[in-house]
Amino acid sequence: MNYWLMKSEPDVFGIDHLMQCENQTDSWDGIRNYQARNFMRDDMKIGDQIFFYHSNCKEPGIVGIMQVVKESYCDHTALNKKSKYYDAKSTKDNPRWFMVDVKFLRKFKHLVTLKQMRSDAVLSDMQLLQKGNRLSILPIAKKHWTYIKNIGA
DNA sequence: GCCAACGTTGGC
DNA sequence: GCCAACGTTGGC
């Protein structure tokens, strides 16, 4: 089993939105970055667990845990001309963009803030904390996963 | 709202 | 294939 982190802006789609979805499950659509796409398309498997990260907000950080419940399939928002994620180069037969379905597992008791992670020597080699990192889907090492999960509890 | 860092596009 | 211009991300 692998561990991941996925970013989303709480004003657009936060962990509370996911909790309110049917079956507390939703498709992670709108990813338009090749590296992030490849992680979803090639590496994310059912049962993999994911940190839900709130980005671009007052207190960026990890707010909870979700799980992969459906492996990659065509991101249909790329086919919809009315969607802001529309991409003429993606077709049904030859999709350029993919998504997975994720299910809410739980919320942390304590938000694990970016600030807190930055100040923790144990986490210093996390990809999330590297300079200039903008990737919205990242793998998490098991040791970091366990450590952060214990802080968030 | 600013801006550094990065990714993508397209002319050549 | 290079690289300037542009767009986006996301912390601050």
Side-chain angles (χ1 to χ4, degrees), chain A residues 2-21 26-44 48-68 72-141 143-145 147-153:
Chain A
N2 289 313
Y3 301 99
W4 306 93
L5 176 143
M6 286 169 131
K7 300 179 185 174
S8 187
E9 301 183 23
D11 293 342
V12 180
F13 188 85
I15 196 164
D16 292 331
H17 294 100
L18 181 61
M19 284 176 76
Q20 284 157 25
C21 289
D26 201 20
S27 52
W28 205 265
D29 61 26
I31 297 298
R32 296 293 178 269
N33 169 285
Y34 289 105
Q35 260 183 286
R37 177 206 66 180
N38 293 348
F39 282 138
M40 285 200 294
R41 189 191 57 188
D42 306 332
D43 300 323
M44 292 185 78
D48 281 4
Q49 296 198 358
I50 309 160
F51 283 145
F52 198 128
Y53 179 93
H54 281 176
S55 68
N56 210 356
C57 56
K58 203 169 177 188
E59 271 211 297
I62 298 169
V63 293
I65 298 176
M66 50 191 175
Q67 186 175 29
V68 179
S72 71
Y73 59 108
C74 173
D75 181 343
H76 53 70
T77 63
L79 311 179
N80 177 4
K81 279 189 179 166
K82 286 179 189 150
S83 169
K84 69 168 183 166
Y85 297 120
Y86 176 68
D87 182 351
K89 288 175 183 152
S90 190
T91 64
K92 203 176 174 188
D93 293 333
N94 190 17
R96 171 181 284 205
W97 304 111
F98 292 81
M99 59 190 183
V100 298
D101 284 358
V102 295
K103 178 172 183 153
F104 171 84
L105 277 188
R106 60 192 183 82
K107 244 179 168 174
F108 279 165
K109 282 201 184 69
H110 316 282
L111 166 71
V112 181
T113 64
L114 179 63
K115 209 173 169 184
Q116 199 176 345
M117 290 188 278
R118 278 202 194 288
S119 66
D120 194 323
V122 175
L123 302 175
S124 60
D125 56 337
M126 272 184 90
Q127 205 177 331
L128 175 72
L129 307 180
Q130 303 314 307
K131 190 180 174 187
N133 165 67
R134 299 186 316 167
L135 207 52
S136 65
I137 300 179
L138 296 165
I140 299 281
K143 60 171 182 170
H144 294 150
W145 174 273
Y147 188 80
I148 291 169
K149 194 159 66 85
N150 286 336
I151 298 174

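All chains are named by letter (A, B, ...) in the order of the sequence lines, taking the proteins before the strands, and each is independently numbered beginning at 1. A quick note: this is a predicted structure, and the numbers were derived from the prediction, not measured.
A:Arg37 places no side-chain N or O within donor-acceptor distance of the main-chain N or O of A:Ile31, the cut-off being under 3.5 Å.
Atoms NE2 (A:His54) and C1' (C:dT9) sit 17 Å apart, rounded to a whole Å. Remark: P of C:dG10 and NZ of A:Lys115 are 20 Å apart, rounded to the nearest angstrom. As a whole-Å value, the separation of A:Glu59 CD from C:dG10 P is 18 Å. Rounding to whole angstrom units, CZ of residue A:Arg134 and C1' of B:dC6 are separated by 4 Å. Separating the CG atom of A:Asn133 from the P atom of C:dT8 is a distance of 19 Å, rounded to the nearest angstrom. Note: CD1 (A:Ile137) to C1' (C:dG10) measures 16 Å, nearest angstrom. Whole-Å rounding puts the A:Tyr85 OH to C:dT8 P distance at 12 Å. Here the C1' atom of nucleotide C:dT9 and the CD atom of A:Gln130 are 17 Å apart, to the nearest Å.
For the residue pair A:Asp101 / A:Tyr73, a side-chain donor-acceptor distance below 3.5 Å is found, with atom types taken as modelled. Under the 3.5 Å distance criterion, with hydrogens and angles disregarded, no donor-acceptor pair is assigned to the side chains of A:Arg134 and A:Ser55.
For the OP1/OP2 pair of B:dA4 and a distance below 4.0 Å, the side-chain nitrogens and oxygens of A:Lys131 include no atom meeting the criterion. At C:dG10, one or more side-chain N or O atoms of A:Lys7 fall inside 4.0 Å of OP1 or OP2 (strictly under the cut-off).
Residues A:Tyr34 and A:Trp97 place their aromatic rings such that the two centres sit under 6.0 Å apart.
Nearest to the side-chain atoms of A:Pro60 among the listed nucleotides C:dG10, C:dG11, B:dA5 stands C:dG11. Listed nucleotides B:dG7, C:dG10, C:dC12 differ in distance to A:Gln35; the shortest reach to its side chain belongs to B:dG7.
Closest non-hydrogen pair, A:Phe52 versus A:Gly14, comes out as CZ-C, 3.5 Å.
Nearest-nucleotide positions on DNA chain B place A:Asn56 closer to the 5' end than the other of A:Tyr34 and A:Asn56.
Within 4.0 Å (heavy atoms only), A:Glu9 reaches no atom of the nucleic acid at all.
The base of C:dT8 lies outside donor-acceptor range of the side chain of A:Arg32, with no N or O pair under 3.5 Å.
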